[in-house]
Amino acid sequence: MKTARVYRGTSHGKVILIGEHSVVYYQPAIAMPLGEARVNAQLIPREDTSVYVDCEYFCGELSQAPQSLHNIAVLIERLRCDCDIQSQGFNLRIDSTIPHERGMGSSAAVAVAVIRVIAQFAHRKLSQKEEFDYTQVAENIAHINASGMDSATVASDAAVWFKRGEGLETLTFETPGVLVVADTGVTGATRKAVADVRALYESADGDISFRTSERIERLGELTRECAQSLQESNVVALGNSMNEAHKILSALTVSSEELDNLITVACEAGALGAKLTGGGRGGCMIALAENTSSAHDIQVAVEKAGAVRTWRLPLISREVRND
Ligand code: MEV
């Protein structure tokens with residue numbers, strides 16, 4: 001009996017070092033890949049034309065998928081049409097170790113893995129730009145007004161400097177610092193947080209909107225300062241920029257009690273700086289440790305204070321994806 005070929009597509013999570021929310025307003029942001037949190041998509045061809053999906057939230061025919069998978073369903077149909085493979089059915093299994101709705105780019109990472117596996121099945125080599133555009137098809141359904149930051153960063157194997165409308169540049173640096181990423185265990189609310197910042201930005205009260213636009217610009221400046229600190233391996237300056245960014249994000253109403261608590265605990269345990277990462281209102285925070293031993297102390301402290309999971313991410317970026 002002939003064994004069916006198995007196709008595979010992978011991607012990973014991301015951590016925004018700085019620039020979340022302000023990136024929506026065309027300010028730059030810096031993000032790093034989190035290789036430990038991954039998505040694996042596996043595709044096995046079927047003999048009929050149907051598409052079956054098997055993932056954490058649903059197992060069955062694509063046409064019956066729940067609303068929460070609408071973005072992926074639209075993406076799959078679009079790819080089948082563009083790649084001219086509508087007459088070729090398949091079983092698609094998606095496994096992810098990226099916690100959902102924690103600001104780690106889970107939805108974009110699932111989209112990238114799906115795009116890669118279907119492109120492979122259809123014998124199509126997609127450019128970075130095409131892959132990005134397809135990811136945005138799914139992301140613009142999952143999050144209204146997505147800046148494209150998540151789509152760009154979950155597909156890159158190096159740290160990136162991202163500016164909406166201009167795309168990304170990869171960054172190369174090697175510092176002694178280590179980021180501790182900690183999950184509050186509380187579901188974030190990116191869509192609502194982005195909408196609330198927009199309401200502040202467009203407020204009828206001129207003072208509120210002026211202060212908001214000043215805050216957004218300052219986040220952009222801090223992102224530039226962080227890029228410089230990374231180049232100079234100045235982890236103390238980097239930590240200060242992270243602390244100021246968190247204060248601004250709090251003023252923009254996107255922090256939460258759980259995030260603030262883990263941030264305080266991390267700083268008391270020796271972090272040089274700490275802030276929320278991603279959309280906020282829950283999800284994850286990041287703390288900058290001077291070295292691995294300090295990162296360990298911070299991890300122990302935040303886990304004791306309620307973090308449900310932590311990761312360690314050295315502040316080193318070398319690999320550049322070639323395609
Ligand atoms: C979410 O990971 C990042 C935000 O800036 C939203 C976006 O860029 O689309 C909050």
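In each ligand, atom 1 is the first atom listed, and ligand 1 is the first ligand listed.
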Side chains of Glu139 and Ser107 only: does a donor on one sit below 3.5 Å from an acceptor on the other? yes

Short side-chain donor-acceptor distance under 3.5 Å, Asn40 and Arg8: no

Geometric N/O contact Glu20 with ligand 1, under 3.5 angstrom: no

If you count the atoms of ligand 1 from 1 in the order shown, which ones are under 4.0 Å from a heavy atom of Val23? 5 (O), 8 (O)

Note: ligand 1 atoms sitting under 4.0 Å from heavy atoms of Ser147 are 7 (C), 8 (O), 9 (O)

I need the atoms of ligand 1 closer than 4.0 Å to a non-hydrogen atom of Ile16, numbered in the order shown. 2 (O), 3 (C)

What residue pairs, at least two apart or across chains, pass salt bridge (charged side-chain N to carboxylate O under 4.0 Å, His left out) with a residue in residues 236-256? Arg218-Glu244

Closest heavy-atom pair and its distance - Gly283, Asp183: O-OD1, 3.8 Å

Report yes if some N/O of Lys14 lies less than 3.5 Å from some N/O of ligand 1; otherwise report no. yes

Residue pairs passing the side-chain hydrogen bond (donor to acceptor under 3.5 Å, both in side chains) test with at least one member in residues 68-81, sequence neighbours excluded, are Arg78-Asp82

Tell me, please: is Gly279 in heavy-atom contact with ligand 1, that is, under 4.0 Å? yes

